[in-house]
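Data block below; observations after.
In the text below, chain A, chain B and the rest are named by the order of the sequence lines, each starting its count at 1. Keep in mind that the numbers below use all heavy atoms, side chains included, and drop hydrogens, waters and symmetry copies.
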Amino acid sequence: KAGVTQTPRYLIKTRGQQVTLSCSPISGHRSVSWYQQTPGQGLQFLFEYFSETQRNKGNFPGRFSGRQFSNSRSEMNVSTLELGDSALYLCASSLDGLARNEQFFGPGTRLTVL
Amino acid sequence: KQEVTQIPAALSVPEGENLVLNCSFTDSAIYNLQWFRQDPGKGLTSLLLIQSSQREQTSGRLNASLDKSSGRSTLYIAASQPGDSATYLCAVRGGSEKLVFGKGTKLTVNP
């Protein structure tokens, strides 16, 4: 069974631009979560989607948004990029929205904002 | 607010040594705790998931324990190998249902 895939793997953008990251969960998984990883803050939760609905959200500004499609694939969008948005963005999938389920992570998208 | 702490931040051991990584959390009302491994520049690999009702889980040379009442978990690695070198992260899932991560322990196993 294929794992979680994320595209693109690397991105370079300039301040003020916007970016869209994509995540395809493990086949059969319906819950997708997004995390930001930086050297200073570590791993921080962005949001979680289940059945095309956002069911949980972290403490990030409104510039960070996401959505989930009917096939469970998810996209994350960051508008008006800032230098501090440079990070590894990780997507995780789990079977359903239940808290007991194991989360499986993708390889991440490395975003560099210049 | 849940806080997760991992000590030590870095650990260097000779090959073959048994070692223990520590994780503590402030709010004991958790659903589960998950240990991950992260290689440089890569994503997270799930190692073990311990539900709140469990005391330990084992996978190969890895054994994780959970003491929910004291807010502690340990990851025991037996007979360490150079390939075990990585950053180990623990994460708890509590009432907010989001994973809260520690900053990790960077492990180096020297041949």
Side-chain angles (χ1 to χ4, degrees), chain A residues 2-7 9-10 21 23-26 29 31-50 53-60 66 86-112, chain B residues 1-10 23-25 27-54 57-59 62 64 66 68 73 86-106:
Chain A
V4 179
T5 58
Q6 292 187 245
T7 57
R9 294 293 311 281
Y10 302 92
L21 313 181
C23 172
S24 292
I26 292 171
H29 284 196
S31 173
V32 173
S33 299
W34 288 89
Y35 295 82
Q36 181 196 64
Q37 186 177 32
T38 59
Q41 298 297 319
L43 272 150
Q44 294 184 285
F45 173 79
L46 281 156
F47 27 66
E48 179 186 5
Y49 286 87
F50 176 69
T53 301
Q54 186 182 91
R55 64 185 299 268
N56 211 340
K57 189 177 188 305
N59 297 321
F60 279 81
S86 294
L88 181 66
Y89 289 88
L90 293 162
C91 161
S93 79
S94 63
L95 187 60
D96 53 33
L98 296 178
R100 66 168 184 263
N101 289 322
E102 190 171 3
Q103 292 211 338
F104 297 90
F105 281 75
T109 293
R110 172 74 63 183
L111 172 64
T112 302
Chain B
K1 178 188 169 188
Q2 179 74 269
E3 293 182 0
V4 179
T5 303
Q6 292 186 247
I7 295 174
C23 172
S24 62
F25 46 96
D27 186 349
S28 62
I30 64 170
Y31 289 102
N32 50 50
L33 182 146
Q34 202 166 345
W35 281 93
F36 295 91
R37 166 189 173 136
Q38 185 174 35
D39 293 286
K42 301 292 179 63
L44 307 183
T45 299
S46 179
L47 298 173
L48 290 163
L49 170 71
I50 311 178
Q51 302 294 350
S52 62
S53 58
Q54 298 174 320
Q57 283 284 351
T58 298
S59 176
L62 305 180
L66 173 64
K68 201 174 67 164
S73 176
T87 296
Y88 290 81
L89 295 148
C90 80
V92 297
R93 198 157 188 181
S96 67
E97 297 193 14
K98 61 183 182 183
L99 275 178
V100 177
F101 283 85
K103 293 290 180 71
T105 294
K106 184 176 181 179

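Residues satisfying the side chain to side chain contact (heavy atoms under 4.5 Å, CB included) test with B:Asp27, not counting sequence neighbours, are B:Gln2, B:Ala29. In terms of the salt bridge (Lys or Arg N to Asp or Glu O under 4.0 Å) criterion, A:Arg100 has no residue partners (sequence neighbours excluded).
If you take CG on B:Leu89 and CZ on A:Phe105, they are separated by 9.0 Å, rounding to the nearest 0.5 Å. If you take CG on B:Leu99 and OH on A:Tyr35, they are separated by 3.5 Å, rounding to the nearest 0.5 Å. The distance from the CZ atom of B:Phe101 to the CD atom of A:Gln41 is 15.0 Å, given to the nearest 0.5 Å. Remark: B:Thr45 OG1 to A:Phe104 CZ distance equals 11.0 Å, nearest 0.5 Å.
Note: A:Leu43 leads A:Val4, A:Leu43, A:Leu90, A:Leu88 in heavy-atom pairs under 4.5 Å with chain B. Interface remark: of the candidates B:Gln38, B:Arg93, B:Gln51, B:Lys42, B:Arg93 forms the most heavy-atom pairs closer than 4.5 Å to chain A.
Both the backbone and the side chain of A:Glu102 come within contact range of chain B, judged by heavy atoms closer than 4.5 Å. Within the 4.5 angstrom heavy-atom criterion, atoms from both the backbone and the side chain of B:Lys98 approach chain A. In this structure, chain B has heavy atoms under 4.5 Å from both the backbone and the side chain of A:Gln103.
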